[in-house]
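Following: one structure in structure tokens, then a few remarks.
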Amino acid sequence: MSAKTVLPAVGMTAVSMVLTLAVVVMWLGVAMPWPVAVVVGLGIDGGWLATLAYERRLAAQGDHSTPVTAVGWSFGLIATGVLIAHALTVEESAGAWLAVAWLPIAAKALWLVHGLWERTALTGEALDAIQGIQQEARDEAAVARARLRAEASTEETRLTAVTQAGARVAHVQARTANTLSRAWSTLESARQGEDTGPALTSVTTPVTPGVTPRWELPFWSSADPGSTLSLESAGALTDRVLDVLVDQIRHSETPALSYREMAARFRTAGHSASEVRLRAAWKRVVAA
């Protein structure tokens, strides 16, 4: 995998060294013998190559030297400076020579990238483990997102159902309250009417003189009428005894019990009497 970075760095280094040697020979060969120019060019390239080799050795050992790196960059800057100076002194094709003057710096940058690649490179097993961990994390995140979306959808559906049910209950309650209010209004109108009020009073026993009496609801017993008649026929209470029992039960608490409470306690005590006789005894006791 390191070939992806080392091959471009090696190629760029070779091109820049050949270009530097050629420029030094062409540029300085006019002012001095060409062997001397060749030596100068090889000196620049040799110094650069020597520092590069030493840097690579330190990198292979896991070490690093700042002075060596600085010397290597110095040789690269010298080579770049030579190329730029040559391009500025050439009257023809100056732009073309300036276009290739960056090659030594580019070669050093590629070796820097290769060093970073080596320091951060991982084995295949480590990469597979990292990919497995990342995939597991992505799977868990996807499942969590799906669960949250499902819970949100369920909660929205539940809230919608509860809201609709509450609206229906409120509608029924409002309708019932309206019906009850009309019924109570009709009842109050009947009680307060000039014709209906006395008529209703005349069919009930007044509790307090001059006041419309409270209507007693009918008392419903779960006892079988046939069984009640058979018990009364076996040993029916006389009216006098029945009146005494009703009066005792009625005044057993203060204030006096109502008819329904009295009747319930009468039957709970084990006494038996028909509803007609019990109500008649109640009327006689109250009127007394």
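Just so it is clear, the structure is predicted and the values come from calculations on it, not from any experiment. Because only heavy atoms are used, hydrogens play no part in the values below, and waters and symmetry mates are left out as well, while side chains stay in.
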How long is the gap from [atom1] on [X] to [atom2] on [Y], to the nearest 0.5 Å?
X      : Y      : atom1 : atom2 : result
Leu77  : Ile84  : CG    : CD1   : 9.5 Å
Arg250 : Glu261 : CZ    : CD    : 11.5 Å
Leu245 : Leu278 : CG    : CG    : 10.0 Å
Arg175 : Thr179 : CZ    : OG1   : 7.5 Å
Ile130 : Glu125 : CD1   : CD    : 11.5 Å
Glu155 : Thr160 : CD    : OG1   : 9.5 Å

How about [X] and [Y]: do any of their side-chain heavy atoms sit closer than 4.5 Å?
X      : Y      : answer
Met262 : Arg267 : no
Arg277 : Asp239 : yes
Asn178 : Ser181 : yes
Trp282 : Val286 : yes
Thr238 : Val241 : yes

* Verify same cluster id: Leu21, Val18 (apolar side-chain graph, 4.5 Å) -> no

* Linking I/L/V/M/F/W/Y whenever their side-chain heavy atoms sit closer than 4.5 Å, directly or via other members, would Val15 and Ile78 fall into one cluster? -> yes

Output yes when a side-chain donor or acceptor of [X] lies under 3.5 Å from a complementary backbone atom of [Y], and no otherwise.
X      : Y      : answer
His171 : Ala167 : no
Thr268 : Ala264 : yes
Ser252 : Ile249 : yes

* Could you tell me whether Arg158 and Glu151 make a salt bridge, using a distance below 4.0 angstrom between a side-chain N and a carboxylate O? => no

Which heavy atom of [X] sits nearest a heavy atom of [Y], and at what distance?
X      : Y      : value
Asp243 : Val285 : O-CG2, 3.6 Å
Trp73  : Ala109 : CH2-N, 4.0 Å
Leu242 : Leu237 : CD1-CD1, 4.3 Å
Thr80  : Pro104 : OG1-CB, 3.5 Å

* With sequence neighbours excluded, tell me which residues meet side chain to side chain donor-acceptor pair (under 3.5 Å) with Gln248. => none

* Using the side chain to side chain contact (heavy atoms under 4.5 Å, CB included) rule, take Lys108 and Ile105 through it: C-alpha gap first, then chi angles, then the decisive distance, then the call. => CA-CA 5 Å; Lys108 292 295 296 182; Ile105 300 298; 5.6 Å; no

* Take atom CD of Gln134 as the centre, draw a 6.0 Å sphere, and report whether it contains more than 12 heavy atoms from other residues, nucleotides or ligands. => yes

* Counting heavy atoms not belonging to Arg284, are there more than 12 under 6.0 Å from its CZ? -> yes

* To do: Determine which pairs satisfy side-chain hydrogen bond (donor to acceptor under 3.5 Å, both in side chains) with at least one residue from residues 135-146, sequence neighbours left out, and list them in order.
  => Gln135-Arg138, Gln135-Asp139

* Linked hydrophobic residues, Leu159 as query - side chain contacts closer than 4.5 Å -> none

